[in-house]
Visitor: 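Okay, handing you the structure first.
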Amino acid sequence: MLNTKGLELDSQLYGILQRELGRQRYKLEMIASENFVSEAILACGASVFTNKYAEGYPDRRYYGGCEYADELEILTQSRARKLFGAEHANVQPHCGSSANMAAYFSVLKPGDTILGMDLAHGGHLTHGAQVSFSGRLFNCRFYGVRQDTELIDYDQVFELSESLKPKIIVAGASSYPRIIDFSLFREAADRCGALLMVDMAHFAGLVAAGLHPSPIPYAEIVTTTTHKTLRGPRGGMILCRKKFAKAIDDQIFPGVQGGPLMHIIAAKALALGEALEPDFIDYQRQVLKNTKRLAVRLADAGFRLVSGGTDTHLLLVDLRGTGLTGQAAQTALDLAGITANKNAVPFEKERFSVASGLRLGTAALTSRGLLEADMDEVSDFIIDALRHTDDDGRLKKIGQRVEEFTLRFPLYPNLLI
Ligand code: DSN
């Protein structure tokens with residue numbers, strides 16, 4: 001149990017923390033980018049390393065007293081390299097966006113061309129969207145999925161890379177439910193002389209477990225977050241070939257960040273250690289089984305899944321033709337005790353703030369111990385809620401059943417907040 005002595009004196013804050021723990025415990029967390037860390041990882045995040053400034057890198061710090069910070073960062077880097085078979089690891093990025101920013105800054109100049117996946121087809125804001133720094137600083141162009149298969153249009157990747165001659169091609173996505181063929185991206189990059197960067201934030205845990213092809217052999221630079229399927233603390237990480245190590249390190253610090261969050265790096269070290277254990281593979285296998293089961297149940301109930309299914313921890317329901325928007329589905333599910341998010345589906349016309357899709361992931365529920373049979377019950381809750389989005393009374397009743405269901409899978413039973 002974390003030592004929270006004194007915190008109860010701040011009743012306002014204590015109440016907020018308690019309510020958030022209750023929300024996580026008694027609702028079903030199905031946001032595809034979220035997960036539940038171990039209590040030991042929570043403890044690392046709350047450790048005394050939060051007090052320590054350590055700008056720089058091991059043995060090259062701008063502050064005294066960094067001997068243990070050095071030990072910690074070296075340990076974390078070595079675990080990251082070992083887990084993914086990478087030549088170099090930078091474990092300081094505060095998040096995926098700063099990892100991507102540093103990666104671009106290490107090899108691009110403002111105005112250079114990036115070829116990334118269209119946000120509307122499953123890409124990420126930092127892969128070139130106008131509203132992000134990436135779209136403002138660089139000339140960003142996009143590939144997407146084919147309309148007939150909803151799989152990445154690799155022909156388009158080849159055509160665009162040959163005609164645009166981008167400096168870098170970015171592979172990776174936030175709402176693409178299928179395996180990505182990195183060998184084709186490598187070939188496209190080689191043909192036009194581009195670098196290949198892979199943002200594996202969503203499927204990093206599957207890669208670590210050997211259940212998704214690894215981008216490491218194909219890409220010069222691989223970025224990730226540590227909190228999605230990898231099941232670590234909220235944060236980022238960059239893996240790269242030795243040749244890019246100095247440029248990447250210089251762009252994380254002092255390029256885009258100041259002091260690293262050493263308490264979070266401690267939590268990353270533990271998460272990477274957990275991911276090196278054999279039972280992490282069992283966990284990831286179960287994630288895949290649970291997502292497939294959910295996909296089958298939703299499809300059997302008449303919901304159309306983008307690309308017809310899933311190979312990963314997430315799926316995308318296309319709500320067009322059901323009379324529902326993504327926003328309406330998200331709101332109804334929330335009332336029914338299920339947390340998920342609206343998401344664009346390829347080729348749709350709705351605004352992003354409304355959207356026609358619903359993204360669902362199983363990484364967090366699997367961490368709570370749910371198996372396929374439990375996913376059947378979860379699917380029933382979802383289907384019931386999506387069929388009765390206008391009936392608040394019924395949605396609340398589903399929410400009560402969900403709460404009872406969650407009691408079978410205790411979450412952080414020793415924590416008070
Ligand atoms: N915001 C994350 C997601 O939900 O996929 C991506 O960074």
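Everything numeric in this text was worked out from a predicted model, so none of it was measured. Just so you know, ligand 1 is whichever comes first in the structure, and atom 1 is the first atom listed for that ligand.
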Visitor: Between ligand 1 and Lys228, can you find any atom pair, the residue atom being a heavy atom, that is separated by under 4.0 Å?
Guide: yes
Visitor: Just wondering, are more than 12 heavy atoms of other shown residues or ligands nearer than 6.0 Å to CG in Asp390?
Guide: no
Visitor: I'd like to know if Arg231 pairs up with Glu34 as an ion pair, taking the criterion as any Lys NZ or Arg NE/NH1/NH2 lying under 4.0 Å from an Asp or Glu carboxylate oxygen.
Guide: no
Visitor: I'd like to know if Arg61 and Glu73 make a salt bridge, using a cut-off of under 4.0 Å between side-chain N and carboxylate O.
Guide: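 Salt bridge flag = yes for Glu73 with Arg61.
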Visitor: Could you tell me which atoms of ligand 1, counted from 1 in the order shown, lie closer than 4.0 angstrom to a heavy atom of Ser174?
Guide: 5 (O), 6 (C)
Visitor: Report, in ascending order of atom number, the atoms of ligand 1 lying under 4.0 Å from any heavy atom of Arg359.
Guide: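 Once the distances to Arg359 are compared, the set is 3 (C), 4 (O), 5 (O).
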Visitor: Hey, which of Tyr176, Phe203, Phe84 is the one that makes ring-ring contact (aromatic ring centres under 6.0 Å, His included) with His212?
Guide: Phe203
Visitor: Give a yes or no on whether atom 5 (O) of ligand 1 lies under 4.0 Å from any heavy atom of the protein.
Guide: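 So far as the 4.0 Å threshold goes, atom 5 (O) of ligand 1 is in reach of a protein heavy atom.
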Visitor: As an exercise, identify every atom of ligand 1 less than 4.0 angstrom from a heavy atom of Ser33.
Guide: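 Checking each atom against Ser33, I get 3 (C), 4 (O), 5 (O).
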Visitor: Could you see which bit of His227 sits under 4.0 Å from ligand 1, with heavy atoms only: side chain, backbone, both or neither?
Guide: neither
Visitor: If you count the atoms of ligand 1 from 1 in the order shown, which ones are under 4.0 Å from a heavy atom of His202?
Guide: 3 (C), 5 (O)
Visitor: I'd like to know if Arg408 and Glu377 make a salt bridge, using a cut-off of under 4.0 Å between side-chain N and carboxylate O.
Guide: yes
Visitor: More than 12 non-hydrogen atoms from neighbouring residues, nucleotides or ligands closer than 6.0 Å to OH on Tyr154, yes or no?
Guide: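 Check passes, neighbour count above 12.
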Visitor: Which ligand 1 atoms, with their elements, are less than 4.0 angstrom from a heavy-atom of His124?
Guide: 6 (C), 7 (O)
